[in-house]
Amino acid sequence: MTSPSHGRAHPPTAAGGTGEPVPDASAPAAGHREDTGSRSRDAFLDNAKYLALVLVAVAHAWEPLRDTSRATEGLYRFVYVFHMPAFIIISGYLSRSFEGRPNQLRRLVTGVIVPYLIFETAFTLVMRWADTPDKSFTVLNPNYALWFLIALFIWRLTTPLWKLLRHPLAVSLVIAALASATPNIGGDLNLQRVLQFLPYFVLGLQLRPEHLGTVRHRTVRLLAAPVAAVALAVAYWSVPRVERNWVFRGAGAQELGAPWWSGPVMTGLLFGAAVVLTACFLAWVPSHRTWFTALGAGTMYGYLLHVYPVQLSRVWDWYEPGWVDSPAGRIVVTLAAAATVTALCTPPVRHVFRFAVEPRAQWLFRQDAAAAARRRLAAERPAREEELVRAAR
């Protein structure tokens, strides 16, 4: 879909259709087996997921360069305010149909929990080999970016509850605010982040196609650039004045050396800023099919696999050469991160790593007798039809 003339915008639709977009089951938005068929996917959402993933990878690549450049640190903070919220809002939007049915729970386990266990184990083994021989396994304390899978599992399981509440967003904001004022929640399952990012998922659950159509309105698109520029200036201003760790939403206020009441205040400020910047981001996401639209079906692969080049680049001192810490070097790092995560979303990579990212793991579950009978009948139907045709002759 392209933006209509006269400044009017319609909700994004499934390719070749109109009205409600077909819910996307691809990750990290949902934890369902991917469907790469263009007829059942929404180009706008696939574009948004891919571009948000690029921001995630680029921001991770900037981390070793933050302390030597105020501009890089400011840009890093600007991206961190909204890149994960944007991802999580999309995840919530694509989780609207989740009701806890058996088939949905199976897909949640095979699409989120099993990949989490596989990649948590793989990450530990890789880091043992590359850097820390005595690194311990920490299944309950997610390594690096793997916290998102645990969070997605918890949020998705609670989706039916949020649908029952009269004011779910307000309740989730209260929970996030209380978490931000509660130190030492603990590292298990990264619950501090799970709770502080919860409102973005709940917001996504509340969105409808017409809301996404609103951010595509010409007026919003025109305002997006100046609003983002102001936010970038504020991020630059904050570098020597505000603790960086606020944007990670991973600690209570007291742990950041601030009074307890600053936690709820920052929760509200960051939520407002993230929603506005996510709207600006979505306003400029193409709604038609582009060269990278198909890559939106592989964002789980890019998300889970990009952590290895990111971590190994630090272990193997790829940032050590002096030219890297220069304006030209930062541009090279940015382009390299974007190119790497793009490659990791491509079909050949998905084919190789499908066993880990989208395992079927049918052995985990009891066989549904009714479903098995339906599959058996479906398999036998062609033979029976052929018999009837021969008999008729």
Side-chain angles (χ1 to χ4, degrees), residues 25-35 49 53 56-57 60 84 87-88 91-92 94-95 98 100-159 185-195 197-198 201 248 250 297-312 315 341 344-345 349-368:
S26 65
H32 284 185
R33 184 163 299 279
E34 294 192 12
D35 172 12
K49 287 191 298 173
L53 178 64
V56 170
H60 285 161
M84 283 309 298
F87 232 136
I88 295 166
S91 298
L94 297 175
S95 298
F98 187 85
R101 294 190 298 271
N103 66 313
Q104 293 177 323
L105 293 174
R106 289 191 193 97
R107 289 173 179 172
L108 189 58
V109 170
T110 58
V112 176
I113 291 300
V114 175
Y116 168 74
L117 294 174
I118 291 173
F119 280 91
E120 185 69 31
T121 301
F123 184 87
T124 301
L125 293 176
V126 169
M127 296 311 293
R128 279 184 175 185
W129 164 72
D131 185 51
T132 313
D134 59 346
K135 182 175 176 59
S136 59
F137 286 93
T138 56
V139 173
L140 295 180
N141 189 7
N143 278 297
Y144 202 51
L146 293 174
W147 70 269
F148 179 74
L149 294 186
I150 290 294
L152 181 59
F153 181 76
I154 295 173
W155 295 333
R156 203 126 203 247
L157 276 182
T158 60
T159 293
I185 282 181
D188 287 354
L189 304 182
N190 217 319
L191 284 179
Q192 186 68 259
R193 271 183 171 169
V194 171
L195 297 176
F197 278 111
L198 172 63
F201 184 83
F248 301 143
T299 49
M300 175 68 95
Y301 291 81
Y303 186 85
L304 291 176
L305 295 172
H306 89 281
V307 302
Y308 297 98
V310 165
Q311 288 296 302
L312 293 176
V315 172
V341 78
L344 294 176
C345 294
V349 174
R350 301 208 300 265
H351 177 74
V352 171
F353 289 99
R354 179 162 284 130
F355 77 95
V357 180
E358 297 183 275
R360 293 188 179 277
Q362 295 301 317
W363 55 270
L364 276 173
F365 309 105
R366 294 180 180 177
Q367 187 174 16
D368 186 331

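Only a predicted model underlies this, so the values are computations on that prediction, with no experimental measurement involved. Quick note: numbers below take in every heavy atom, side chains included, and nothing from hydrogens, waters or symmetry partners.
- Atom CD of Gln362 is separated from atom OG1 of Thr110 by 7.0 Å, given to the nearest 0.5 angstrom.
- Under the 3.5 Å distance criterion, the side-chain polar atoms of Tyr301 are left unmatched by any main-chain donor or acceptor of His306.
- Using a 4.5 Å heavy-atom cutoff, the side chains of Trp129 and Leu125 are not in contact.
- When all heavy atoms are compared, the tightest approach of Phe123 to Tyr308 is N-OH, 3.4 Å.
- The structure places CD1 of Ile150 at 13.5 Å from CZ of Arg193, a figure rounded to the nearest 0.5 Å.
- Among all heavy-atom pairs drawn from Ser95 and Arg156, the shortest one is OG-NE, 2.8 Å.
- Panel note: side chain Trp155, backbone Val194; a donor-acceptor pair is recorded below 3.5 Å.
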Q: Go through the steps for Trp147 and Phe197 under the test ring-ring contact (aromatic ring centres under 6.0 Å, His included), then give the verdict.
A: CA-CA 11 Å; Trp147 70 269; Phe197 278 111; 5.3 Å; yes

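- You'll find the side chain of Leu312 reaches within 4.5 Å of the side chain of Val126, heavy atoms only.
- With Glu120 contributing its side chain and Asn143 its backbone, the two residues share a donor-acceptor pair below 3.5 Å.
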Q: Check the pair Asp134, Ser136 against side-chain contact (heavy atoms from CB on, under 4.5 Å), reporting the backbone distance first and the verdict last.
A: CA-CA 6 Å; Asp134 59 346; Ser136 59; over 6 Å; no

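- Thr132 places no side-chain N or O within 3.5 Å of a backbone atom of Arg128 that could act as its donor or acceptor partner.
- The nearest pair of heavy atoms linking Cys345 to Gly298 is SG-O, 3.4 Å.
- The CD1 atom of Ile113 sits 11.0 Å away from the CG atom of Leu364 when rounded to the nearest 0.5 Å.
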Q: Carefully, step by step, assess Leu304 and Leu146 under the rule side-chain contact (heavy atoms from CB on, under 4.5 Å).
A: CA-CA 7 Å; Leu304 291 176; Leu146 293 174; 3.6 Å; yes

Q) Would Ile154 and Leu191 count as a side-chain contact (heavy atoms from CB on, under 4.5 Å) if you check the C-alpha gap in whole Å, the side-chain angles of each, and the deciding distance to 0.1 Å? A) CA-CA 10 Å; Ile154 295 173; Leu191 284 179; 4.3 Å; yes

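- The distance from the CZ atom of Arg106 to the CZ atom of Arg366 is 10.5 Å, given to the nearest 0.5 Å.
- Note that CZ of Phe148 and CE of Met300 are 7.5 Å apart. Values are rounded to the nearest 0.5 Å.
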Q.
Determine whether Val357 and Ile118 satisfy the following criterion, side-chain contact (heavy atoms from CB on, under 4.5 Å), listing intermediate values before the conclusion.
A. CA-CA 8 Å; Val357 180; Ile118 291 173; over 6 Å; no

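- Between Leu152 and Phe201, the closest side-chain pair of non-hydrogen atoms falls below 4.5 Å.
- Here the side chains of Leu105 and Phe98 are in contact, with some heavy-atom distance below 4.5 Å.
- Listed here is the closest heavy atom pair of Pro115 and Pro359: CG-CD, 4.0 Å.
- Contact record, Phe87 with Thr299: CZ-CB, 4.4 Å, taken as the closest heavy-atom pair.
- The CG atom of Leu117 sits 10.0 Å away from atom CG of Leu149, with the distance rounded to the nearest 0.5 Å.
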